[in-house]
Amino acid sequence: MTSKPRVRFAPSPTGYLHVGGARTALYNWLFARHLGGVFVLRIEDTDLDRSEARHEAALIEDLQWLGLEWDEGPGVEGPHAPYRQSERLGIYREHTERLLREGQAYRCFCTGEQLEAERASAAADHRPQVYSGRCRGIAEPESARRAEAGEAFAVRLKIPDHPLRFHDLVRGEVEFPNETVSDPILVRSSGMPVYNYVVTVDDALMEITHVIRGDDHISNTPKQVAIYEAFGWKLPEFAHLSTILGSDREKLSKRHGATAVASFREMGILPEALVNYLALLGWGAEGGTREIFSLEELTREFRLERVTASPAVFDWEKLHWLSRHYLKQAEPARVEELAWPHFAGAGLLPVLETAGPDVKAWFAKLLALFLPAVSQLDELPKKAGFIFGFDVGAARANEENAAVLATESAQKVLSAFAAKVGAQDGTVTPEQFKAWMNEVKAETGAKGKGLFHPVRIALTGSHSGPEFDKLIPIVEEGSRLTLPVHVASVRERVERFFAE
RNA sequence: GGCGCCAUGGUGUAAUUGGUUAACACGCCGCCCUCUCAAGGCGGAGAGUUCGGGUUCGAUCCCCGAUGGCGCUACCA
């Protein structure tokens, strides 16, 4: 091939972009970028009832968030504009007239009831449910006359007399016997052209060289091949990507929880994590020992020939692993900005724009402490919640805590510790804290868990959590800030714990 | 029912043109670190490649069949 490949992602704006679509877009984008080709975005909105402008806007936002910019399409336009099918109706009409004129297509006057009856009898006879071709034989003068007279008709393509075959980059040669393919409807009786038709016309006119899409389209492909042939157009290469399955091995859907790209963004998963994960879902680099890939690295490594044909099960655990990796890797300033709204939304912090530099600096430290503990940013407020306050009664009542607190040793540790805290004013430093703990240890004989757990419960409400060395400064510093929720100092925590 | 696609540990993928102790990662288990949790480091278990036939000196890999899963079977996309 001498010319640069041209690929397209052609979503219909009938809902949000989900992981399956995102992976299709990603593979198209990677294929184009790897070969220096062109990535086209085309909006398939011929289903006027279900298409909505807000979905198109959301789609574009999601694609941009993933970093998959397009070379031609809405917003950037290009030599084959328009890129929205609802704006290309005239083009389809011209092509339909040509097909009719050349006898490649015909008017079908069959009613829905007739077609229904045909299907029913075909099913009863265990035969393929294909259209009988009843209207194929209507002579052109009569056909034209009936149309003229106002009789409703759809336009159907004549499926040729030979097997329909095409080459698929991930599956090899695929062939469908023509007897199993119905003469497809090209234009509805309403005059609106149908998906299989417009997609083909557009792919050909936009000079798409590689059609990369989900394998739910594989059975549509013979019809599209017939359309290419009817127009005398050269067939593109196809690549049908396998389905993404849920853990129950059913096609992934909203039923399996969040599958919309936007929801991953809202959860606080970084786009590079999602991209990396999606790339791995159906593709493996040569050798297969690497898992972490940036978009640039993927661009370099990606080969369509290495894409698997078998369906893949979506695995949250692995996505989370990747998510944690990228969260730790990311620029702190970026993560701070992304994490902040989750705290503000929980009422723990003011909105970012109104926060002072001292609060921001404090938050940075807080984030550094808790980030390793989460897989996605929206878990943060809960993880760090005890910093902002906890229910002493509930903490004492907690079974595991109660067991720790019940021992005589724990009681001695706590009262010794409280005495230390009460005896002094001012900020508690980690050094001071350490010194106190050593003293308590000497006085009570408690050590290890026996020493630390009671204190940890008193201070945080839980027997587990981040190291005290890092925790103490955050608590103390936080207590001096003006926040929507007061952060209690070590001293306040001790007082509060004993008050109940 | 018809047509099509697919089939390697629980999951995602590897395995020069048929010859490997079937590899890597997630997860799981254990150990180390540690007051604890998370992170991190180290180690382990887990598949003989869905099943049955071929072809071959030799099949994860090629062919056939079965089984199972999925998709399509619309005047939806």
Side-chain angles (χ1 to χ4, degrees), chain A residues 10-15 44-47 49-51 108 110-112 115-116 119 122-130 152-156 168 170-171 174-177 179-182 184-196 198-199 214-223 240 242-243 245 247 249-251 277 280-292 306 308-322 324 328 369-375 383 404 437 446-457 460 462-468:
Chain A
S12 50
T14 54
E44 313 240 328
D45 56 352
T46 50
D47 184 343
D49 294 339
R50 295 200 295 151
S51 298
C108 175
C110 293
T111 63
L115 297 174
E116 191 53 50
R119 273 193 292 272
D125 292 350
H126 296 194
R127 302 197 51 250
Q129 298 183 26
V130 297
F153 66 89
V155 177
R156 282 188 193 264
D168 191 302
V170 346
R171 293 156 211 271
V174 182
E175 178 178 308
F176 287 77
E179 311 82 54
T180 66
V181 184
S182 263
I185 300 253
L186 265 23
V187 182
R188 300 174 175 94
S189 49
S190 67
M192 186 58 79
V194 125
Y195 165 81
N196 272 309
V198 299
V199 93
D215 71 355
D216 47 335
H217 290 293
I218 203 159
S219 306
N220 289 326
T221 309
K223 295 175 186 172
H240 287 99
S242 64
T243 322
L245 271 21
S247 50
R249 301 214 143 257
E250 303 254 343
K251 186 173 180 175
Y277 180 67
L280 260 24
L281 211 54
W283 168 87
E286 207 172 330
T289 63
R290 271 186 71 196
E291 306 282 328
I292 306 284
R306 293 192 60 83
T308 339
S310 54
V313 174
F314 190 88
D315 181 14
W316 270 97
E317 303 273 18
K318 188 142 186 178
L319 206 212
H320 273 153
W321 170 70
L322 247 9
R324 274 179 255 128
K328 278 181 283 189
L369 189 58
F370 288 98
L371 197 60
V374 300
S375 298
K383 279 281 179 199
V404 172
M437 292 306 278
K447 57 181 179 179
K449 290 184 191 181
L451 175 65
F452 280 87
H453 278 192
V455 175
R456 183 174 280 284
I457 291 169
T460 73
S462 168
H463 58 85
S464 71
E467 308 159 41
F468 281 117

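In what follows, every chain begins at residue 1, and chains take the letters A, B, ... in the order their sequences are listed.
- With sequence neighbours excluded, the residues forming a side-chain hydrogen bond (donor to acceptor under 3.5 Å, both in side chains) with A:R290 are A:E297, listed by chain and number.
- Among the protein residues, A:C108 comes within range of no part of the nucleic acid, since none of its heavy atoms lies under 4.0 Å from any strand.
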Taking only nitrogen or oxygen atoms into account, show me every contact under 3.5 Å that the protein makes with nucleotides 22-28 of chain B, one pair per line with its distance.
unit_1: B:rC24; atom_1: O2'; unit_2: A:T289; atom_2: O; d: 3.1
unit_1: B:rA25; atom_1: O4'; unit_2: A:E291; atom_2: OE2; d: 3.4
unit_1: B:rA25; atom_1: N3; unit_2: A:K318; atom_2: NZ; d: 3.2
unit_1: B:rC26; atom_1: OP1; unit_2: A:W321; atom_2: NE1; d: 3.4
unit_1: B:rC26; atom_1: O2'; unit_2: A:K318; atom_2: N; d: 3.2

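- Separating the P atom of B:rG41 from that of B:rC5 is a span of 44 Å, rounded to the nearest Å.
- Nearer to the 5' terminus of RNA chain B, by closest-nucleotide assignment, is the contact made by A:D125 (compared with the other of A:F468 and A:D125).
- In this structure, the side-chain hydrogen bond (donor to acceptor under 3.5 Å, both in side chains) partners of A:D168, at least two apart in sequence or on a different chain, are A:H240.
- Here A:K383 does not reach the OP1 or OP2 of B:rC37: none of its side-chain N or O atoms lies under 4.0 Å away.
- When the C1' atom is used for both B:rA77 and B:rU17, the distance is 41 Å, rounded to whole Å.
- At a threshold of 4.0 angstrom between heavy atoms, the contacts of A:F370 with the nucleic acid are absent.
- The residue A:L281 sits close only to the backbone: its heavy atoms come under 4.0 Å of sugar-phosphate atoms, none of a base.
- For A:P177, taking side-chain heavy atoms from C-beta onward, the closest of the listed nucleotides B:rC3, B:rU36, B:rA77 is B:rC3.
- Taking side-chain N and O atoms only, A:T46 has a distance below 4.0 Å to OP1 or OP2 of B:rA77.
- OP1 and OP2 of B:rG12 both lie 4.0 Å or more from every side-chain N or O belonging to A:R306.
- On the C1' atoms, B:rG9 is 10 Å away from B:rU49, given to the nearest whole Å.
- Taking CG of A:L280 as the reference point, atom OH of A:Y277 lies at 8.5 Å (rounded to 0.5 Å).
- Base orientation of B:rG48: syn, since the glycosidic angle falls within 90° of 0.
- Between the A:R156 side chain and the A:P184 main chain, no donor and acceptor come within less than 3.5 Å of each other.
- Residue-level contact check: A:K328 touches the backbone only, with heavy atoms under 4.0 Å from sugar-phosphate atoms and none from bases.
- Between the C1' atom of B:rU34 and the CE atom of A:M437 lies a distance of 14 Å, rounded to the nearest Å.
- Residue side chain A:R456 reaches the base of B:rC35 through a donor-acceptor N/O pair under 3.5 Å, judged by distance alone.
- Nucleic acid contact for A:T308: sugar-phosphate only, since backbone atoms but no base atoms lie under 4.0 Å from a heavy atom of the residue.
- Residues satisfying the side-chain hydrogen bond (donor to acceptor under 3.5 Å, both in side chains) test with A:Q129, not counting sequence neighbours, are none.
- For the P atom pair drawn from B:rG58 and B:rG19, the interatomic distance equals 14 Å after rounding to whole Å.
- Taking the side chain as every heavy atom from C-beta outward, A:V404 and A:P454 approach each other to under 4.5 Å.
- Surrounding CZ of A:R127 are at most 12 heavy atoms belonging to other residues, nucleotides or ligands under 6.0 Å away.
- Using a 4.0 Å heavy-atom criterion, one finds that A:H126 contacts the sugar-phosphate atoms exclusively.
- Candidate nucleotides B:rA38, B:rC6, B:rG40 were compared by shortest atom distance to the side chain of A:A373, and B:rA38 ranks first.
- Summary of the strand contacts: A:P466 and A:S242 both lie near RNA chain B, and taking for each the nucleotide with the nearest heavy atom, the more 5' one is attributed to A:S242.
- Here the CG atom belonging to A:D216 is positioned 11.0 Å from the OG atom belonging to A:S242, to the nearest 0.5 angstrom.
- Across the P atoms, B:rC62 and B:rA15 are found 13 Å apart, a figure rounded to whole Å.
- Within 4.0 Å of A:S310, counting heavy atoms only, lie sugar-phosphate atoms of the nucleic acid but no base atom.
- In secondary-structure terms, RNA chain B builds stems of at least 3 consecutive Watson-Crick or G-U pairs, each pair having both distances under 3.5 Å, at B:1-7 with B:67-73, B:10-13 with B:23-26, B:28-32 with B:40-44, B:50-54 with B:62-66.
- Taken from CZ in A:F314 to CG in A:L319, the straight-line distance is 4.5 Å, to the nearest 0.5 Å.
- Between the P atoms of B:rC24 and B:rG18, the separation comes to 24 Å (whole Å).
- Computed from coordinates, the A:L280 CG to B:rU11 P distance equals 16 Å when rounded to whole Å.
- In this model, a donor atom of one side chain and an acceptor atom of the other lie less than 3.5 Å apart for A:T243 and A:D215.
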Identify each atom pair where a protein N or O and an N or O of nucleotides 62-73 of chain B are less than 3.5 Å apart, giving names and distance.
unit_1: B:rG71; atom_1: N2; unit_2: A:S219; atom_2: OG; d: 3.3

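- A distance-only check finds a donor-acceptor pair linking the side chain of A:T460 to the backbone of A:S462 [under 3.5 Å].
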